[in-house]
Amino acid sequence: MSERGSGGAAWRAATGCTKTVLPSGLRVVTERMPEARSVSIGVWVDVGSRDEPDELAGASHFLEHLLFKGTESRSARSIAVAVDAVGGELNAFTTREHTAFYTRLPAGHLGFGLELLTDVVAAPAFRPHEVEAEREVILDEILMSEETPDDVAMVKLNEALFPGHPLGRETLGSQETVASLSRDVIAAFHAEHYRPSCLVVAAAGDLHHDEVVEAVSGFFEGAPAGAGPERTPPGEQLVPLTVVERPSEQVHYALGWRGPDHDDPDRYALWIANQVVGGGMSSRLFQEIREERGLAYTVFTAPATYRGAGSLTLYAGTAPGRLGELVEVVDAVLDDLVAHGITAEEHAVALGCIEGSMLLGLEDSASRMSRLGASEVTRREVIPVDEQLRRVRAVPTEDVNRVLAEVLSGPRAAVVVGPLGADDPAVTRAVRA
């Protein structure tokens with residue numbers, strides 16, 4: 001088997017993984033789990049909603065649906081029957097920077113899973129009647145999202161954080177763009193972006209690396225290698241306040257700030273800070289807003305990183321008459337964190353939570369496959385778990401406080417969805433100079 005490059009012995013020992021780069025540019029990354037009774041396989045594509053021109057918004061998500069509708073040799077029903085017949089799972093998802101197709105099967109069906117998944121990704125039929133049927137499904141999905149107020153709040157928050165930039169667009173696309181995407185346009189988007197050097201095959205479970213490489217050696221054989229998408233960072237401008245007025249029993253409040261991108265070492269400090277701010281049940285926002293005051297059932301914060309950009313977001317839902325109090329409490333908690341930072345105890349608890357979550361997330365073949373695929377398609381490397389934990393543990397409290405203050409002291413975007421107008425005092429209080 002001709003190989004252009006592969007993971008060295010030291011890397012394999014540190015990660016437990018093996019990597020091969022085929023002459024086509026296709027990357028294969030595997031982790032052997034001899035104790036497992038399953039195998040999980042994923043094809044990860046270095047293209048997402050960020051990489052779509054405005055008029056093609058939603059194309060990646062449309063492809064996510066269409067690739068399971070059938071190939072030249074398989075119908076959608078035959079795919080579903082074949083997977084069900086072995087008790088397997090088959091699914092896909094689209095993010096802003098990549099798309100993934102994956103299956104989980106009993107270990108004895110590795111060959112079937114590899115053959116099925118590569119056929120689905122490489123040779124979709126794009127039958128016109130199936131394109132039209134799936135278009136209606138996606139339009140219904142968009143309508144469902146638009147009728148879910150907390151979804152609307154987060155969609156609007158991303159638009160406000162990255163105005164006029166593809167990172168701010170909803171991954172599903174819009175009613176208008178999805179309705180206008182023709183079968184040929186979608187097929188051309190697939191031909192342009194689904195090329196060997198933009199693809200990663202990741203697999204974990206009771207398998208051997210060589211058999212995976214052998215099975216996918218002809219994957220996209222003869223296709224141009226292709227190149228990853230060119231991505232420009234967003235501008236610095238944010239939209240301070242977005243109000244979506246609609247009748248509802250609850251008001252949905254979201255805040256967002258820009259943060260480190262996915263190559264910035266400060267991302268580790270933000271992970272720790274997020275855990276203290278609103279990332280878990282012991283976080284300050286959860287304890288103060290839900291446990292102490294009963295202001296909201298759901299309250300959380302979450303960091304996100306992209307190439308050249310990142311964010312920290314906050315969400316809480318409350319009764320319309322209590323929005324003013326919610327805003328005041330949120331601001332008081334955040335202001336105290338900026339002024340005084342986190343405590344040593346909070347730092348230790350956050351580290352324990354991050355480490356435990358990371359280790360518990362490696363319990364099955366699906367989670368390990370996902371870690372391989374996401375790491376390789378995002379950074380073209382798999383960082384050993386021990387090394388990632390070392391980096392998190394090495395962040396001093398003063399760095400956590402510095403990054404937290406930098407992020408929370410920066411410009412912020414606020415979104416309010418519910419039965420309150422833009423001139424309501426509780427809504428205007430959400431805007432900070």
Side-chain angles (χ1 to χ4, degrees), residues 140-163 168-172 174-175 237-259 274-304 311-338 407-433:
D140 282 344
E141 187 178 357
I142 294 172
L143 286 173
M144 183 171 63
S145 177
E146 291 174 349
E147 292 179 359
T148 307
D150 52 339
D151 284 357
V152 173
M154 299 311 293
V155 167
K156 293 299 182 183
L157 182 60
N158 275 305
E159 291 177 358
L161 281 171
F162 306 108
R169 284 200 316 244
E170 169 54 35
T171 303
L172 300 178
S174 68
Q175 293 271 351
Q237 190 67 35
L238 277 68
V239 177
L241 178 64
T242 304
V243 179
V244 180
E245 190 172 355
R246 59 168 61 180
S248 64
E249 297 299 319
Q250 194 177 41
V251 63
H252 302 265
Y253 181 52
L255 292 177
W257 301 260
R258 293 287 186 84
N274 171 72
Q275 197 63 39
V276 177
V277 177
M281 291 178 63
S282 67
S283 67
R284 292 204 190 181
L285 285 173
F286 189 93
Q287 286 294 311
E288 186 66 24
I289 289 173
R290 174 166 168 164
E291 300 296 274
E292 294 295 326
R293 298 173 182 258
L295 270 171
Y297 175 76
T298 301
V299 55
F300 64 85
T301 58
S311 66
L312 177 68
T313 57
L314 179 156
Y315 167 84
T318 192
R322 305 192 73 183
L323 177 62
E325 183 183 359
L326 174 67
V327 173
E328 288 181 0
V329 173
V330 167
D331 285 346
V333 170
L334 299 182
D335 288 347
D336 183 68
L337 282 163
V338 170
V407 171
L408 295 182
S409 298
R412 83 180 192 187
V415 174
V416 178
V417 178
L420 301 176
D423 57 351
D424 188 287
V427 174
T428 57
R429 196 175 296 140
V431 182
R432 306 196 92 175

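Computed from a prediction, not measured in an experiment: that's the story for all the values here.
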If you round to the nearest 0.5 Å, how far is CZ of R429 from CG of D424? 8.5 Å

R258 side chain to L161 main-chain N or O, any donor-acceptor pair under 3.5 Å? yes

Determine whether T313 and M154 satisfy the following criterion, side chain to side chain contact (heavy atoms under 4.5 Å, CB included), listing intermediate values before the conclusion. CA-CA 9 Å; T313 57; M154 299 311 293; 4.0 Å; yes

Is a donor on one side and an acceptor on the other found under 3.5 Å between the side chain of E245 and the backbone of V417? no

Nearest 0.5 Å, please: how far is OG in S145 from CG in D140? 12.5 Å

Heavy-atom closest pair (A414 atom, L255 atom, distance to 0.1 Å) is CB-CD2, 3.5 Å

Does any non-hydrogen side-chain atom of V251 lie less than 4.5 Å from one of V416? yes

Residue pair S283 / G279: nearest heavy atoms and the distance that separates them: CB-N, 3.8 Å

Work out which heavy atom in N274 is nearest to a heavy atom in A302; give both atom names and the distance. OD1-N, 3.3 Å

Provide the closest heavy-atom pair for P320 versus E249 in the form atom of the first, atom of the second, distance. CD-O, 3.4 Å

Is there side-chain contact between V152 and R246, with at least one heavy-atom pair below 4.5 Å? yes

Which value, rounded to the nearest 0.5 Å, describes the distance between R293 atom CZ and E288 atom CD? 4.5 Å

Would L312 and L408 count as a side chain to side chain contact (heavy atoms under 4.5 Å, CB included) here? Give the steps. CA-CA 9 Å; L312 177 68; L408 295 182; 4.1 Å; yes

4.5 Å side-chain heavy-atom contact, E170 and N158: no

Do L172 and E141 have side chains that approach each other closer than 4.5 Å (heavy atoms only, starting at C-beta)? yes

Validation row: P419, S248 side chains within 4.5 angstrom (heavy atoms): yes

Heavy-atom check, side chain of E146 versus side chain of I142, under 4.5 Å: yes

Determine, step by step, whether V243 and L420 satisfy the side chain to side chain contact (heavy atoms under 4.5 Å, CB included) criterion, reporting the C-alpha distance in whole Å, the side-chain angles of both residues, the deciding distance to 0.1 Å, and the verdict. CA-CA 8 Å; V243 179; L420 301 176; over 6 Å; no

Separation between OG1 of T298 and NE2 of H252, rounded to the nearest 0.5 Å: 9.5 Å

Between atom CG of L334 and atom CG of L285, what is the distance when rounded to the nearest 0.5 Å? 5.5 Å

After noting the C-alpha distance and the side-chain angles of K156 and V244, does the key distance pass the side chain to side chain contact (heavy atoms under 4.5 Å, CB included) rule? CA-CA 9 Å; K156 293 299 182 183; V244 180; 4.1 Å; yes

Assess whether atom CD of E291 is packed by more than 12 heavy atoms of other residues, nucleotides or ligands within 6.0 Å. yes

Which heavy atom of L295 sits nearest a heavy atom of L326, and at what distance? CD1-CA, 4.0 Å

Please confirm whether the backbone N or O of M281 pairs with a side-chain atom of R290, one donor and one acceptor, at under 3.5 Å? no

CD1 on I289 to OH on Y297, rounded to 0.5 Å: 15.5 Å

Do R284 and D336 meet the salt-bridge criterion of a basic N to acidic O distance under 4.0 Å? yes

What's the shortest heavy-atom distance between L238 and A413, and which atoms? CD2-N, 4.0 Å

I'd like to check T318 versus Y253 (side-chain heavy atoms, cut-off strictly below 4.5 Å). Are they in contact? no

